[in-house]
Amino acid sequence: MDVLLVGSGGREHALAWKLRQSSKLGTLYIAPGNAGTASCGINVPIGQSDIAGLVRFAKDKGVGLVVVGPEEPLAMGIVDACEQAGIRAFGPTSGAAQLEADKAFAKQLMRSTAVPTAEARIFERFADAKAYIASRDEPVVVKTAGLAQGKGVFVCDDPADAILAAEKIMVQKVFGSAGQKIVVEEKLLGEEASILAFVDGKTIYVMESSQDHKALCDGDTGPNTGGMGAYSPAPVVTEAVMDRIVKEILVPVVDAMNRNGTPYKGVLYAGLMITPAGPRVLEFNVRFGDPETQAILPRLRSDLLEVLLAVCEGTLDQVHLEWDNRPAVCVVMASAGYPGPYQKGKVIEGLEQASAVEDVVVFHAGTTLADGKVVTNGGRVLGITGTGADISSARQRAYEAVSMIHFEGAYHRRDIACKALKP
Ligand code: AMP
Ligand code: GLY
């Protein structure tokens, strides 16, 4: 079966790498892809938001499946457009993608179904938000309601900072129309975890747990990014915690989406805070996580293409997945300046040497080919995943490979997965 994969990040390289291992896969097209996906299939120069162009390409090539990596095309309705054109597509419809694309919608849905989450208020006017924040003594979190590439959330210990964040989003409009509404919520304390599940409308299959590192700097300090590293599994998600996540969060949300007339199909990603009182939802994403996918998929032994097809066909209840028990750790290498402005076009060296380290996979994110060389082309440039007998050896492998890779201004966190190390 020929497949079109949409996107160009580290997540898409991981998906392409895993799909390539399927005996069912024919030609894999990646639109637009990166220098890494080019080694798994054929990169096609169509942007991820060119929905009409992507559907036309899929139709012309007669692909059997379109797999959508990022949230933007999902929110824009790529799955609806594929379905209308008679093409099978993996991911939620634009209606169901509102779970991620509108944090106010997600909050209301959680409230109406008693899904545990932070207490929150939604604002459409800056003056109202300002008055509310000024009346609070506790730290608050200010969130852009629309899509902001993981950069629209501000955790503020001081009300003055929270008001500045609201002003940035609503008055200066730094995230454009995504900031027409904001969510202001209580700051939760605990450890974070990401739970990704395949959902076919009725059956929920939960993948192995993981933990992202959203902050730019060591010790979870500095501004939020798309994610600077991840590991899987996350020890904080014990069996008892996982039971609660399924019963209190995933099942009620999937049921509510059915009742709303927007059945959920694809990957449902719950970003959670595991608090002393139990798991609380920070956010939903409607797709594979990035960089969580780079830590989860190397642990999947089964055929990914078969699972994606089962989700599309509504036969997930017949699927059983095999996982590698060994943990995996992914360290992101980023361009100097990210998540702010950064330069592109820096030559990357040492990729082959790093890939040769035992149990290491080098996933490309913001890379491209120029004059036969791999050069930087984005904020997050590479995700280096190591697998090992325990978290410590997986970390060691990942960091050994990282040390072999060089480009001007390369930056990475040094404490990825430290939280999971046994004391
Ligand atoms: P989100 O995109 O909503 O997951 O937020 C991005 C990051 O901000 C999360 O991964 C957390 O690190 C942090 N965050 C979001 N909401 C809260 C909250 N209510 N309490 C504490 N931290 C939060
Ligand atoms: N790692 C966070 C995300 O994929 O949104």
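The shown structure was predicted, so the numbers you read here are calculated from the model rather than taken from an experiment. Remember, it's 1-based here, ligands and their atoms both numbered in the order they're listed. Computed from heavy atoms alone, side chains included, the values below leave out hydrogens, waters and symmetry copies.
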On the six-membered ring of Phe288, is Arg11 placed so that its NZ or CZ lies under 6.0 angstrom from the centre and within 45° of the ring axis?
no
Hydrogens and angles aside, do Thr368 and Asn34 bring a side-chain donor and acceptor to less than 3.5 Å of each other?
no
For Asp317 and Thr203, which I'm curious about, is there any donor-acceptor pair between the side chains at under 3.5 Å?
no
Quick one about Lys151 and Thr225 (side-chain donor to acceptor, distance below 3.5 Å, no hydrogens or angles considered), yes or no?
no
Just by distance, no angles: are the side chains of Thr387 and Arg299 close enough, under 3.5 Å, to form a donor-acceptor pair?
no
Taking only residues two or more places apart in sequence or in another chain, which ones pass side chain to side chain contact (heavy atoms under 4.5 Å, CB included) with Ser8?
Pro32
Return yes if a side-chain donor-acceptor contact under 3.5 Å exists between Tyr269 and Glu292, otherwise no.
yes
With hydrogens left out, which residues have an atom under 4.0 Å from ligand 2, given that only heavy atoms count?
Asp212, Lys214, Gly226, Tyr269, Asn285, Arg287, Gly289, Asp290, Pro291, Glu292
Mind listing the side-chain donor-acceptor pairs of residues 88-98 below 3.5 Å, one per line with the distance, residues two or more places apart or on another chain?
{"from": "Arg88", "atom 1": "NE", "to": "Glu313", "atom 2": "OE2", "distance (Å)": "2.7"}
{"from": "Arg88", "atom 1": "NH1", "to": "Gly64", "atom 2": "O", "distance (Å)": "2.9"}
{"from": "Arg88", "atom 1": "NH2", "to": "Glu313", "atom 2": "OE2", "distance (Å)": "3.4"}
{"from": "Thr93", "atom 1": "OG1", "to": "Ala96", "atom 2": "N", "distance (Å)": "3.3"}
{"from": "Gln98", "atom 1": "NE2", "to": "Ser94", "atom 2": "O", "distance (Å)": "3.2"}

Show the protein residues that qualify under the rule heavy atom under 4.0 Å from an atom of ligand 1, listing them in chain and number order.
Lys103, Ala118, Val141, Lys143, Val153, Val155, Glu185, Glu186, Lys187, Leu188, Glu192, Lys214, Asn224, Met273, Leu282, Glu283
Residue among Glu100, Glu12, Glu72 satisfying salt bridge (charged side-chain N to carboxylate O under 4.0 Å, His left out) with Arg287
Glu100
